[in-house]
Amino acid sequence: MQSKANNSQDLGKSNVSPEASTLKPVTKEEPEQPVEDSSAAQTTLGNVLEAAEELWPKSLAEDWDAVGLVTGRTGQQISKIVMAVDPTLEVIEDAIERGADLLITHHPLLLRGVTQVAGTTFKGEAIHRLIESGTALLTAHTNADSAIGGVNDALADAFGLKDCVPLVESKDGLPEEGLGRVGFLEKPMKLDDFAERVYTVLPAVAGGVRVAGDRSGIIRKVALCGGAGDSLFDAVRSHQADVYVTADLRHHPASEAREAANGGFPYLIDVSHFASEWVWLSAGARALGNVLNDLGHAVEIEVSQVNSDPWDFVLTP
């Protein structure tokens, strides 16, 4: 057997240098940095929370989720923000080294209840490092998944989809808000060619991209869900999608979906959980910067270049 990794951008696990191109997603432009303005108001964490709520309302979060402020005081000054997928110790240390006052992550650090945050555990150590360094932590998870311009819209844009609607509409949101997206390719494509597009636009990770379906099958209607989406197969079928792109597809749901399709639609494309959500960070950074600028605040915003995908290499036949 041969060791092979996704070579779409030849990602190095520990490469956090600013000039690294390995983790940069396919976006039309880099996050805009604010123009220094001596008349701009000092920015507090409370100001950033106000902007974040406008972009990623907490009301859009799933009932089981834990979003919002984790560490930090609303009155503390914020001059630099780093955005990342996961609040791992490596991501936190990198943000501290970059001089960040605030780290915004997609995944929660404390999703389930805890009874202690002792530094003897990695999550406790993370809390200690954040507080000791004066670095606030904010989580935008399923609220950022469902929001307009959030994770799923960023994926749809990266894949070249048009006329998108939510895969599952939000109970408390606008018609355009909800989990996943369903949209159309500009022109029909072979499954093989579309899978190559998916492989190319996502950051490189060891697991690569897995595909189930006829390589030569023609597709146009695409369903997607950033992160783990194998609970949404009923919605995928109700939208009559030709292919479903999501992450963390487990054996039984994937096998049963293919059995039910009897060799036809929907085909399946399984991608990295981390990679599917990392694409959003640049768009999220731009949107947050624009809202803060509109409020009269000049804040530097960077996207973390730390690869927090848990897998290091894969063996294939």
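Every value quoted in this text rests on a predicted model; they were computed, and no experiment measured them.
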**Message:** Hydrogens and angles aside, do S59 and D172 bring a side-chain donor and acceptor to less than 3.5 Å of each other?
**Reply:**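 No, D172 and S59 have no side-chain donor paired with an acceptor closer than 3.5 Å.
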**Message:** Can a side-chain donor-acceptor contact be found between T142 and D145 if the only test is distance below 3.5 angstrom?
**Reply:** no
**Prompt:** Who are the ring-ring contact (aromatic ring centres under 6.0 Å, His included) partners of H107, not counting sequence neighbours?
**Reply:**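 Checked H107 against ring-ring contact (aromatic ring centres under 6.0 Å, His included); matches are H141, H273.
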**Over 12 foreign heavy atoms within 6.0 Å of CD, Q116** = yes
Taking 4.0 angstrom as the limit, do [X] and [Y] come out as a salt bridge?
X: K190; Y: D193; value: no
X: D157; Y: K162; value: no
X: E302; Y: K80; value: yes
X: R220; Y: D242; value: no

**Prompt:** Sequence neighbours excluded, which residues qualify as side chain to side chain contact (heavy atoms under 4.5 Å, CB included) partners of L110?
**Reply:**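 With sequence neighbours excluded, L110 shows a side chain to side chain contact (heavy atoms under 4.5 Å, CB included) to V70, V114, K123, I127, given in chain and number order.
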Can you find a heavy atom in the side chain of [X] that is under 4.5 Å from one in the side chain of [Y]?
X: V245; Y: V222; result: yes
X: W280; Y: H106; result: yes
X: L288; Y: L292; result: yes
X: D86; Y: F274; result: yes
X: V271; Y: L202; result: yes

